[in-house]
There are 2 protein chains.
Amino acid sequence: MSDELRDLPLRERKKARTRRALAETALRLFTERGYDATTLDDLCDAVEVSRRTFFRNYRSKEDVALAADSDLWSAYLDDVAARELTGPLIEALRAVLDITLGAMDPDWERRFLAARELSDAVPALQAHSLGYCHDTTRALVEVVSGRPGADVDPWRLRLSVEIFVAAWRTASLRWTAQGGHGGRDTLMKLVEETFADLPAALTSPA
Amino acid sequence: MSDELRDLPLRERKKARTRRALAETALRLFTERGYDATTLDDLCDAVEVSRRTFFRNYRSKEDVALAADSDLWSAYLDDVAARELTGPLIEALRAVLDITLGAMDPDWERRFLAARELSDAVPALQAHSLGYCHDTTRALVEVVSGRPGADVDPWRLRLSVEIFVAAWRTASLRWTAQGGHGGRDTLMKLVEETFADLPAALTSPA
DNA sequence: ACAGCTAATGCCACTGAGTGGCATTGTCGC
DNA sequence: GCGACAATGCCACTCAGTGGCATTAGCTGT
């Protein structure tokens, strides 16, 4: 039994197991059979829960497919909220991303890679993933602009955060494009390289 | 009769009218009643076509809602393909965007503003709109990297295009946030200002 | 160990987006 | 006017998503 569940009451443990089983089985079936070729009934049958229970755990079919994306952004926003950001904003956001990536559970990058590969193949999942980034962008702007001493132009702040997401998307695409080899260490290295390339990308000739 | 349709055969004219009527009525009903509160049956009844015909014209309910987004990106990609890009890539892409925005039909920004406002209220539409940007990003990368003499690092190219989209999204959000006042002239001015702010956004403190 | 309370589950019937086959209708070219 | 072709609409369907409520399971107090 994983550490997070050990001290929970049985009911909570059972709920958490159901939630994980849905996410794990969903990823497996979506990868093996294809996202569109797998119905929610297929998934629920495989996990032996009802569709009603599925929708108690996930808001949509896309949500269960992209649980790894959601886990990342959730944890990231918690980490940003818990830390003071210093120096250039984009650099500070990237530093916290490093922390969050490092702290994701040991199995996270396998699930994330699978989710990314599904997204590359299914437009609805790609759009949903972008929706998570959009929600994260809005939340980041809220967190940063709500801080004492925050005096930056709100639209410059928004632009900075959008650039942060642009760099992250590019880095994760690089990582996926080479098959996720090297796991999260390589992902983190590519994130670093991509962010370091921002100034050059701004002035790069056509 | 608008200029584009005058010289077309009757069948083509009728198809184009149906397509426009669907988009126009969709925008009106989605704005008046709410996106989720309006069914495809409601829309088809109002335009007096079948759902089958709806799906001959649009791929999804989201597609008809965001027809103005789609129109923009379609025209933009055509304009990029038709022109030589010189100078820094982001600046060249922005210059073509200026051209495309200027050339959109007179009614475009009204439809675009309505689409943006719906997107801000409906997550599925926001995600769909982001999906269009993603598709445009991929297409731009194809166009630019496929050119003779194109020698830039493909990931730097990708990053540049993602930054371009980030700036556009920020500029259009600025425009929407002030209610679209000043029409496309203001939108274009905000695009210019936002792109000019990129270097500062890169180094802006937290 | 049991009873009462609360929360979760699953059944069921439903809505609405999306789909495809095919008969009917309308347009086009001669 | 006619034949060919394209578009339309009907119809029956699938599947994602939803909500009410009876049943089941877990928790707590005695």
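The shown structure was predicted, so the numbers you read here are calculated from the model rather than taken from an experiment. Residue numbers begin at 1 in each chain, while the letters A, B, ... track the order of the sequences.
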Tell me: [atom1] of [X] to [atom2] of [N], nearest whole Å?
X: Glu48(B); N: dA7(D); atom1: CD; atom2: C1'; answer: 17 Å
X: Asp42(A); N: dG17(D); atom1: CG; atom2: P; answer: 14 Å
X: Phe54(A); N: dT18(D); atom1: CZ; atom2: P; answer: 10 Å
X: Leu125(A); N: dA16(D); atom1: CG; atom2: P; answer: 12 Å
X: Arg11(A); N: dT6(C); atom1: CZ; atom2: P; answer: 11 Å
X: Lys15(B); N: dT25(C); atom1: NZ; atom2: P; answer: 21 Å
X: Glu62(A); N: dA16(D); atom1: CD; atom2: P; answer: 10 Å
X: Asp41(A); N: dG10(C); atom1: CG; atom2: P; answer: 13 Å

Go through [options] for me and flag the one nearest to the [X] side chain.
X: Ser50(A); options: dC5(D), dG10(C), dA17(C); answer: dG10(C)
X: Thr39(A); options: dC28(C), dC15(D), dT19(C); answer: dC15(D)
X: Val49(B); options: dG9(D), dT8(D), dC15(D); answer: dG9(D)
X: Leu40(B); options: dA8(C), dT18(D), dG18(C); answer: dG18(C)
X: Leu10(A); options: dC27(D), dC11(C), dG26(C); answer: dC27(D)

With distance as the sole criterion, do the side chain of [X] and the base of [N] form a donor-acceptor contact below 3.5 Å?
X: Arg56(A); N: dG10(C); value: yes
X: Arg52(A); N: dG17(D); value: no
X: Arg59(A); N: dG17(D); value: no

Nearest heavy-atom neighbours spanning [X] and [Y]:
X: Leu66(A); Y: Ser119(A); answer: CD2-OG, 3.4 Å
X: Arg158(A); Y: Val141(A); answer: CD-CG2, 3.9 Å
X: Leu187(A); Y: Ser172(A); answer: CD1-CA, 4.2 Å

* Can you list the steps and then say if Thr39(B) with Asp42(B) is a side-chain hydrogen bond (donor to acceptor under 3.5 Å, both in side chains)? -> CA-CA 5 Å; Thr39(B) 69; Asp42(B) 291 335; 3.2 Å; yes
* Asked: Which one of Arg11(B), Glu12(B), Arg17(B) satisfies the side chain to side chain contact (heavy atoms under 4.5 Å, CB included) criterion with Lys14(B)?
  ->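 In the set Arg11(B), Glu12(B), Arg17(B), the residue that makes a side chain to side chain contact (heavy atoms under 4.5 Å, CB included) with Lys14(B) is Arg17(B).
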* Name the nucleic acid region contacted by Glu12(B), choosing base, sugar-phosphate or nothing; use a 4.0 angstrom heavy-atom cut-off, strictly under. =>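 Touches nothing.
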* **Nearest-nucleotide comparison on DNA chain C, the residue closer to the 5′ end among Asn57(A) and Arg51(A)** =>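 Per heavy-atom nearest nucleotide, the more 5' residue is Asn57(A).
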* Structure fact -> Residue pair Tyr35(B)/Pro9(B) against DNA chain C: nearer the 5' end by closest nucleotide is Tyr35(B)
* Is any side-chain N or O of Lys14(B) closer than 4.0 Å to OP1 or OP2 of dT27(C)? -> yes
